[in-house]
Amino acid sequence: MKHLLSIEELDGDTLHHLVNDAVKLKAERGQHSSQPLADQTWAMMFSKSSTRTRVSFEVGVRELGGSVMFLSANDIQLGRGEPIKDTARVLGRMVHGCIIRTFAQQDVVDFAEHSHIPTINALTDEEHPCQILADLLTIHETIGGWDGKKIVFIGDGDNNMSRSWIWAAKYLGFELVVAAPEACLPPAEFMAKVDACNVTLTSDPISAIKGADVINTDVWLSMGQEGQAQKEALFADYQVNEQLLSHAAKDHIVLHCLPAYREKEISEAVLEAHSAVIFQQAENRLHAQKAVLAALAE
Ligand code: CP
Ligand code: NVA
């Protein structure tokens, strides 16, 4: 693996390996036998806010022996219009890898092409691959894996999280139902490109959640969509609350990548009732990303 730009460009074997490596790194935390990032400096170039991704990568790079610098896009010339390919050619001569959070997926692709250093997508408008790896690790730990399980993504069906989940379902073969208002389902061209018969789309949240083992939600308005009240109004029937969860499988888990907006995409009661798993999921960002960093340093 040279980069982690998306789930789309991975495959089932790589996903399994990364989750297995994350399990080992989690168990060995504090006593790693090797330091794969020794003598390396990694940059983190972020154009959007972050708590989990920023902290987990900063800690993860250090725990693997490297050092890390955080570059807010607003504080570097990128924010004043320097092209991504020039930024990439400069950073590529100085640091050993780069972790990028931005808007356009193409910027991450261009950075990887022009920098010639390992590049990680830490969230774009199109995908959030690091989060999906942490989610898979959490599913593995809590319900023993995804084989034969029904996983539901409810909320904005056409955002970075839903798209990454759809690609994960294609490669891992589990049943995935995406439940969203009609206008927020992924477009037919995207679904045709994925071409996965185990992924279904619906605008009926109750039928989606029937018998579900994993119920996954995310904000209704992603970063960059703030203030789109008309879009937000479409989701009134899509809140993950106790009533909706009464249709799920008995031992279901609820996942939320966080940050959560209580009484919008998830009720306070559900968030708190499932907080043990949801914050385990947040912690798993660290372990999953250390697996990615170690794989890229090889
Ligand atoms: N889930 C996630 O990516 O969180 P942050 O935006 O806080 O990094
Ligand atoms: N879909 C959300 C994920 C946040 C981690 C966003 O892009 O804002």
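Computed from a prediction, not measured in an experiment: that's the story for all the values here. Each ligand, and each atom within it, is numbered from 1 in the order the structure gives.
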Engineer: Closest non-hydrogen protein atom to atom 2 (C) of ligand 1, residue and atom name please, with distance?
Structural biologist: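 The closest heavy atom on the protein side is R285 NH1, 3.3 Å.
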Engineer: Would you name the heavy atoms of L10 and L18 that are closest together and state the gap between them?
Structural biologist: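 For L10 and L18, the tightest heavy-atom pair comes out as CD1-CD1, 4.5 Å.
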Engineer: Should L258 be counted as touching ligand 1, given the test is an N or O pair under 3.5 Å?
Structural biologist: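 Between L258 and ligand 1 (N or O atoms, distance only) the closest approach is under 3.5 Å.
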Engineer: May I have a table of the N/O to N/O pairs between ligand 2 and the protein that fall below 3.5 Å, each row giving the two atom names and the distance to 0.1 Å?
Structural biologist:
unit_1: ligand 2; atom_1: 1 (N); unit_2: N160; atom_2: OD1; d: 2.8
unit_1: ligand 2; atom_1: 1 (N); unit_2: D218; atom_2: OD2; d: 2.6
unit_1: ligand 2; atom_1: 1 (N); unit_2: S222; atom_2: OG; d: 2.7
unit_1: ligand 2; atom_1: 7 (O); unit_2: N160; atom_2: ND2; d: 2.8
unit_1: ligand 2; atom_1: 7 (O); unit_2: S222; atom_2: OG; d: 3.4
unit_1: ligand 2; atom_1: 8 (O); unit_2: M223; atom_2: N; d: 2.8

Engineer: Could you tell me whether some N/O pair between L123 and ligand 1 is separated by less than 3.5 angstrom?
Structural biologist: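 No; the residue has no nitrogen or oxygen that sits under 3.5 Å from a nitrogen or oxygen of the ligand.
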Engineer: Identify, by atom number and element, the atoms of ligand 1 in contact range of T51, meaning under 4.0 Å from any of its heavy atoms.
Structural biologist: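 Within the 4.0 Å cut-off of T51, ligand 1 contributes 5 (P), 7 (O), 8 (O).
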Engineer: Tell me which protein heavy atom sits closest to atom 4 (O) of ligand 1, plus the residue, atom name and distance to 0.1 Å.
Structural biologist: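 So the nearest neighbour among protein heavy atoms is R52 NE, 2.9 Å.
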Engineer: Between E141 and K26, is there a salt bridge with N-O shorter than 4.0 Å?
Structural biologist: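 Salt bridge flag = yes for E141 with K26.
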Engineer: Return the minimal non-hydrogen interatomic distance between E265 and P259, and the atom names on each side.
Structural biologist: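 Scanning both residues completely, I find the closest heavy atoms to be OE2-O, 4.2 Å.
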Engineer: Give a yes or no on whether a salt bridge exists between R29 and E63, defined as a side-chain N under 4.0 angstrom from a carboxylate O.
Structural biologist: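 Yes, R29 and E63 are salt-bridged.
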Engineer: Does even one non-hydrogen atom of H128 get within less than 4.0 Å of ligand 1?
Structural biologist: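 The answer is yes, since H128 has a heavy atom less than 4.0 Å from ligand 1.
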Engineer: Under 3.5 Å, N or O to N or O, is R54 touching ligand 1 that way?
Structural biologist: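 No - when backbone and side-chain N and O of R54 are compared with those of ligand 1, no distance drops under 3.5 Å.
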Engineer: For atom 6 (O) of ligand 1, what is the nearest protein heavy atom, given as residue, atom name and distance?
Structural biologist: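 Minimum-distance protein heavy atom for atom 6 (O) of ligand 1 reads R101 NH1, 2.8 Å.
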Engineer: Does R54 count as lying over the ring of F70, i.e. NZ or CZ under 6.0 Å from the six-ring centre, within 45 degrees of the axis?
Structural biologist: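 The answer is yes; both the distance and angle limits are met.
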Engineer: Do T138 and Q280 have side-chain atoms, one donor and one acceptor, less than 3.5 Å apart?
Structural biologist: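 The answer is no; no qualifying pair exists.
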Engineer: So Q228 and W220, side chain to side chain contact (heavy atoms under 4.5 Å, CB included) or not? Walk me through it.
Structural biologist: CA-CA 10 Å; Q228 291 188 22; W220 290 336; over 6 Å; no
Engineer: Please determine whether the number of non-hydrogen atoms from other residues, nucleotides or ligands lying under 6.0 Å from atom NZ of K48 exceeds 12.
Structural biologist: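 Counting neighbours around NZ of K48, more than 12 heavy atoms of other residues, nucleotides or ligands fall under 6.0 Å, so yes.
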Engineer: Please work out whether the ring planes of F174 and W165 are parallel, tilted or perpendicular, with thresholds of 30° and 60°.
Structural biologist: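 If you compare the ring of F174 with that of W165, the planes turn out perpendicular.
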Engineer: Which atom pair, heavy atoms only, marks the closest approach of P129 to S164?
Structural biologist: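 Between these two residues, the closest heavy atoms are N-OG, 3.9 Å.
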